[in-house]
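Positions are given from 1 along the sequence.
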Amino acid sequence: MGARILIVEDEEPLTLLLRYNLEAEGYDVDTSARGDEADTLLREKTPDLVVLDWMLPGLSGIELCRRLRTRPETRTLPIIMLTARGEESERIRGLATGADDYIVKPFSVPELIARVRALLRRASPERVSRSGREVELGPTEYRLLEFLMERPGRVFSREQLLDGVWGSEVYIDERTVDVHVGRLRKAVNRGREPDPIRTVRGAGYALDDRYGRTA
């Protein structure tokens, strides 16, 4: 059985198009045209990934995303947000609310499928802990931490992180890296704990080499 995907989209032609193509790829697909209805569905059964429109009747996609991130059972659920809002500030807002990826309409179906595949590949993170405290990470933050831990001390540009974490077949804005690094830092650091992630001005990011694979 393939991964189960929930499409939350009120444009019926787009829903049908996505459902047809995702099912052709072997995924099990459920759909909902309302944000409040999707909220109920997600309380009853958690899918493997959600494709979520920003503008929805009943409850906006951005609010639904925020709610999902506050619940333990959906805190790390992979979410791809669809929207007609292409401004950088809106993309950053969507990612900061908790979306793992962001696609601006109109988009190509092969691009969305590539992003679904990439996100599902990252969607089963192992347990992460720091100082005996469990750290809850979404799939993208986990892969980002894993990538940095494999090469402690090395400085990676945003472009290198995009290729290493998201994959070269998917186009993602470089500002996306900054948002996910911020989310990773928020999850990993508590109180006065030292930040293991270094920002190298004009160059990118690195994991302090004192941490490596044992952080």
Side-chain angles (χ1 to χ4, degrees), residues 42 46-50 52 62-81 88-89 91-102 115-168 170 172-215:
L42 286 158
T46 303
D48 296 297
L49 182 144
V50 176
L52 179 63
I62 200 83
E63 174 60 20
L64 177 56
C65 183
R66 188 193 66 77
R67 292 186 184 185
L68 293 174
R69 290 302 182 233
T70 64
R71 300 173 193 158
E73 63 273 17
T74 55
R75 190 167 291 148
T76 61
L77 173 65
I79 298 173
I80 297 177
M81 186 161 283
E88 182 181 54
S89 61
R91 294 199 302 272
I92 299 303
R93 181 185 171 197
L95 292 167
T97 302
D100 294 285
D101 204 347
Y102 191 104
R115 295 196 184 194
V116 166
R117 287 199 200 103
L119 190 50
L120 285 173
R121 283 198 300 268
R122 307 194 299 266
S124 299
E126 298 176 13
R127 192 175 299 273
V128 174
S129 63
R130 181 177 187 184
S131 302
R133 170 179 62 85
E134 183 176 347
V135 178
E136 291 190 349
L137 298 177
T140 303
E141 286 73 50
Y142 176 84
R143 175 57 187 142
L144 179 59
L145 177 61
E146 181 182 51
F147 186 81
L148 290 170
M149 289 181 71
E150 288 170 351
R151 306 157 185 84
R154 177 176 170 182
V155 179
F156 291 95
S157 68
R158 291 173 178 82
E159 183 178 0
Q160 289 172 323
L161 289 172
L162 286 173
D163 286 345
V165 176
W166 283 263
S168 58
V170 174
I172 302 287
D173 191 291
E174 288 190 0
R175 283 293 304 279
T176 298
V177 174
D178 300 332
V179 175
H180 284 288
V181 168
R183 284 165 55 173
L184 176 58
R185 278 177 161 148
K186 184 177 179 180
V188 169
N189 301 322
R190 289 289 186 274
R192 297 181 180 275
E193 292 177 330
D195 187 354
I197 301 171
R198 293 191 295 115
T199 300
V200 182
R201 187 180 298 274
Y205 298 100
L207 186 80
D208 192 303
D209 56 15
R210 292 175 296 175
Y211 294 86
R213 296 292 298 182
T214 62

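- With sequence neighbours left out, Arg66 forms a side chain to side chain contact (heavy atoms under 4.5 Å, CB included) with Glu63, Thr70, Thr97.
- Val155 and Gln160 make their closest contact through O-OE1, 4.0 Å (heavy atoms, listed as atom of the first residue, atom of the second, distance).
- Checked by atom type and distance alone, the side chain of Arg158 never pairs as donor or acceptor with a backbone atom of Arg175 at under 3.5 Å.
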* Carefully, step by step, assess Arg183 and Val179 under the rule side-chain contact (heavy atoms from CB on, under 4.5 Å). => CA-CA 6 Å; Arg183 284 165 55 173; Val179 175; 4.1 Å; yes
Could you tabulate the donor-acceptor pairs under 3.5 Å formed by side-chain atoms of residues 197-206, not counting sequence neighbours?
{"unit_1": "Thr199", "atom_1": "OG1", "unit_2": "Arg185", "atom_2": "NH1", "d": "3.2"}
{"unit_1": "Thr199", "atom_1": "OG1", "unit_2": "Arg185", "atom_2": "NH2", "d": "2.8"}
{"unit_1": "Tyr205", "atom_1": "OH", "unit_2": "Asp178", "atom_2": "OD1", "d": "2.7"}

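- In this structure, CG on Leu207 lies 9.5 Å from CG on Asp195, to the nearest 0.5 angstrom.
- Atoms CD1 and CG, from Ile80 and Leu49 in turn, are 5.0 Å apart once rounded to the nearest 0.5 Å.
- Counting only heavy atoms from C-beta outward, the side chains of Ser157 and Leu162 never approach each other to under 4.5 Å.
- You'll find the side chain of Leu77 reaches within 4.5 Å of the side chain of Leu42, heavy atoms only.
- Interatomic distance, CG of Asp100 versus SG of Cys65, reported as 8.0 Å (0.5 Å rounding).
- Residues meeting the salt bridge (Lys or Arg N to Asp or Glu O under 4.0 Å) test with Glu193, sequence neighbours left out: Arg130, Arg133.
- Expressed to the nearest 0.5 Å, how far CG of Leu120 lies from CG of Asp48 amounts to 6.5 Å.
- Once rounded to the nearest 0.5 Å, the distance linking CG of Leu137 with CG of Leu144 reads 9.5 Å.
- By the salt bridge (Lys or Arg N to Asp or Glu O under 4.0 Å) test, Arg154 pairs with no residue at all, sequence neighbours left out.
- Closest heavy-atom contact between Ala118 and Trp166: CB-O, 3.9 Å.
- Contact record, His180 with Ala99: CE1-O, 4.1 Å, taken as the closest heavy-atom pair.
- Residues Leu161 and Leu148 are in side-chain contact: their nearest non-hydrogen atoms beyond the backbone lie under 4.5 Å apart.
- Partners of Arg192 under the side-chain hydrogen bond (donor to acceptor under 3.5 Å, both in side chains) rule, at least two apart in sequence or in another chain, do not exist in this structure.
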* **Working for side-chain contact (heavy atoms from CB on, under 4.5 Å), residues Val128 and Tyr142** => CA-CA 8 Å; Val128 174; Tyr142 176 84; 3.6 Å; yes
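- A donor-acceptor distance shorter than 3.5 angstrom exists from the side chain of Arg115 to the backbone of Tyr102, with no hydrogens or angles considered.
- In this structure, CZ on Arg151 lies 9.5 Å from CD on Glu146, to the nearest 0.5 angstrom.
- Partners of Arg71 under the side chain to side chain contact (heavy atoms under 4.5 Å, CB included) rule, at least two apart in sequence or in another chain, are Asp39, Arg43, Arg67, Leu68, Glu73, Thr74.
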